[in-house]
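Report on the following structure.
Residue numbers begin at 1 in each chain, while the letters A, B, ... track the order of the sequences.
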Number of protein chains: 2
Amino acid sequence: MGFCETCVVRNRAICAALDSTEIQALNAIGRRRKLEPGQSLLWEGEDSLLVANVIDGVLKLSTGTADGREQIVGVVYPSDFIGRPFGQQTAHSVTALTDAVVCVFSRSDFDNFAREHPALEHKLLQRTLSELDRTRRWMLLLGRKSASERIAAFLLDMSERLVEPGCTTPPDAPHQTFDLPFSRQQVADVLGLTIETVSRQFTKLKSDGVIDLPSRRTVTILDREALEDRAG
Amino acid sequence: MGFCETCVVRNRAICAALDSTEIQALNAIGRRRKLEPGQSLLWEGEDSLLVANVIDGVLKLSTGTADGREQIVGVVYPSDFIGRPFGQQTAHSVTALTDAVVCVFSRSDFDNFAREHPALEHKLLQRTLSELDRTRRWMLLLGRKSASERIAAFLLDMSERLVEPGCTTPPDAPHQTFDLPFSRQQVADVLGLTIETVSRQFTKLKSDGVIDLPSRRTVTILDREALEDRAG
DNA sequence: CGATGGTTTGAGATATATCAAACCTCGTGG
DNA sequence: CCACGAGGTTTGATATATCTCAAACCATCG
């Protein structure tokens with residue numbers, strides 16, 4: 001008996017492509033791993049030895065320059081796939097932002113398994129295509145948008161993505177109040193800004209009555225329409 | 001008899017996954033199309049009706065804001081794949097920068113064909129994963145690098161990617177002299193800068209003796225090491 | 001309660017954008 | 001063959017958004 005049968009992301013992760021016989025085979029090569037906030041699973045530039053599915057928690061993908069500047073290039077949530085299958089190098093670090101649980105595979109085991117299960121590869125392809133679209137949309141924000149537009153777009157994105165599936169009464173409606181899994185510095189690293197600029201934009205949105213900030217990491221959207229206008 | 005047998009990208013595009021019987025079937029659903037500079041194949045936000053392989057030329061992928069700001073989110077070369085299979089919407093426009101030839105498929109035809117040919121999907125997956133890595137690396141440039149770092153990184157990237165396979169004496173060595181397929185404005189749209197800043201950085205690199213600019217679109221790298229130092 | 005780490009606020013510096021004009025390059029037509 | 005015009009490019013002067021440096025602030029936790 002493995003974990004897969006009772007896995008909370010069984011039907012949302014790429015595993016949904018597999019029947020119960022196949023999932024047992026996958027179960028045999030995977031293992032669960034817990035991560036604490038700040039703990040990394042993969043490091044930029046290292047050999048690609050692991051891939052994984054996110055079961056619970058939020059993780060960041062990040063790259064940096066030699067002199068210490070950092071850019072967060074992706075954020076992953078439960079059911080998302082992480083790591084670089086079919087490749088030698090990991091292009092970015094993967095680090096937990098919250099307590100997290102992942103389902104880890106050795107890359108070579110996973111590669112072999114995937115090559116024998118086209119339906120699994122197909123799910124992975126769909127996911128990768130969507131992620132590429134999302135990433136390219138983010139490039140517009142980084143290349144062309146002002147600080148206030150970036151913050152507004154970020155908050156809207158968070159309100160949509162932090163929705164826990166199956167929890168809210170109207171299915172998958174965006175939240176009005178949510179806890180950011182990011183520190184101010186991490187928000188800055190997502191948006192290509194400095195921590196001071198992020199802080200100032202937050203307080204501006206608050207004093208303009210667009211959002212409320214009940215605590216450091218909690219955001220309440222008071223006027224979603226105004227936020228959409230500001231997102232550019 | 002179709003085009004595929006004599007196609008110059010037959011062994012580099014995703015078609016390389018197919019044997020001669022399969023490629024005939026693919027040939028039956030594809031057709032060639034020529035594009036002039038400035039001509040678009042796909043438009044942001046429209047239904048995803050076409051996908052294609054690039055046979056010759058260079059094309060840009062771009063998105064923009066409502067008020068006219070533009071960001072180039074990708075550049076594709078011969079053997080690259082374009083369009084959004086397995087999805088309803090095209091997330092970005094695709095426009096020729098040079099004279100170009102593409103091999104076009106209706107998306108639904110391609111989707112059906114691909115689902116029956118796992119080896120083709122596998123090639124597409126590999127390509128998409130590589131493109132995602134590349135795109136995420138570009139986010140570091142857009143989010144965290146200065147104008148001079150962006151220009152240096154851009155020129156190095158161009159010198160590597162504009163290499164015509166099989167043409168240079170040392171196989172796939174980066175070029176010292178090459179013609180940019182971009183106007184100054186387009187370089188600005190790739191790098192998230194203004195045309196004036198791009199121009200000033202070019203002239204600075206020239207007066208510093210790092211590059212030469214024999215004509216508007218021609219670049220000669222005089223000191224590659226200096227360029228690498230400046231790329232951050 | 002006092003240390004600690006993260007956050008906010010302030011004042012000033014600066015890289016890049018903006019606005020505007022001059023300058024090429026190249027094709028066209030007289 | 002030269003003058004002209006048009007598009008793209010470079011250069012210049014100025015504005016400004018964001019960064020930088022620094023201090024004050026605030027929660028949290030021993």
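The side-chain tip of R161(A) does not point at the ring of Y77(A) from less than 6.0 angstrom away and within 45° of straight on. Relative to the ring axis of F182(B), R217(B) does not place its NZ or CZ within 45° and under 6.0 Å from the centre.
Between I195(A) and A188(A), the shortest heavy-atom contact is N-CB, 3.7 Å.
Between the CZ atom of F202(B) and the P atom of dT11(D) there is a distance of 13 Å, given to the nearest Å. In this structure, D67(A) places its CG atom 15 Å from C1' of dC19(D), rounding to the nearest Å. Separating the CZ atom of R184(A) from the C1' atom of dC25(D) is a distance of 14 Å, rounded to the nearest angstrom. Atom-to-atom, NZ of K204(B) to P of dT16(C) comes out at 12 Å; the value is rounded to the nearest Å. As rounded to whole Å, 11 Å separates atom P of dC19(D) from atom CD of Q185(A). Summarising the geometry, the separation between NZ on K206(A) and C1' on dT7(C) is reported as 12 Å, rounded to the nearest angstrom. Atom pair L213(A):CG and dT9(C):P shows a separation of 10 Å (rounding to whole Å applied). Whole-Å rounding puts the Q186(A) CD to dT7(C) P distance at 9 Å.
Listed by residue number, G192(B), L193(B), T194(B), E196(B), T197(B), R200(B) are the residues of residues 189-200 of chain B with a heavy-atom contact under 4.0 Å to DNA chain C.
Side chain of R216(A), nearest nucleotide from dT9(D), dC26(D), dT18(D): dC26(D).
You'll find the side chain of V102(A) reaches within 4.5 Å of the side chain of I82(A), heavy atoms only.
Counting any heavy atom pair closer than 4.0 Å across all strands shown, T203(A) reaches sugar-phosphate atoms only and no base atom. Backbone-only engagement by S146(A) is indicated by non-hydrogen atom pairs under 4.0 Å involving sugar-phosphate atoms exclusively.
In this structure, R150(A) and R217(B) both approach DNA chain D, and ranking their closest nucleotides by distance from the 5' end singles out R217(B). Both R144(A) and F182(A) lie near DNA chain C, and the one whose nearest nucleotide falls closer to the 5' end is F182(A).
Salt bridge status for E131(B) with R136(A): present, with a side-chain N to carboxylate O gap under 4.0 Å. D208(B) has no carboxylate O lying under 4.0 Å from a charged side-chain N of K206(B), or vice versa, which leaves the two without a salt bridge. Looking at K60(A) and E70(A), a side-chain N of the basic residue comes within less than 4.0 Å of a carboxylate O on the acidic one, giving a salt bridge.
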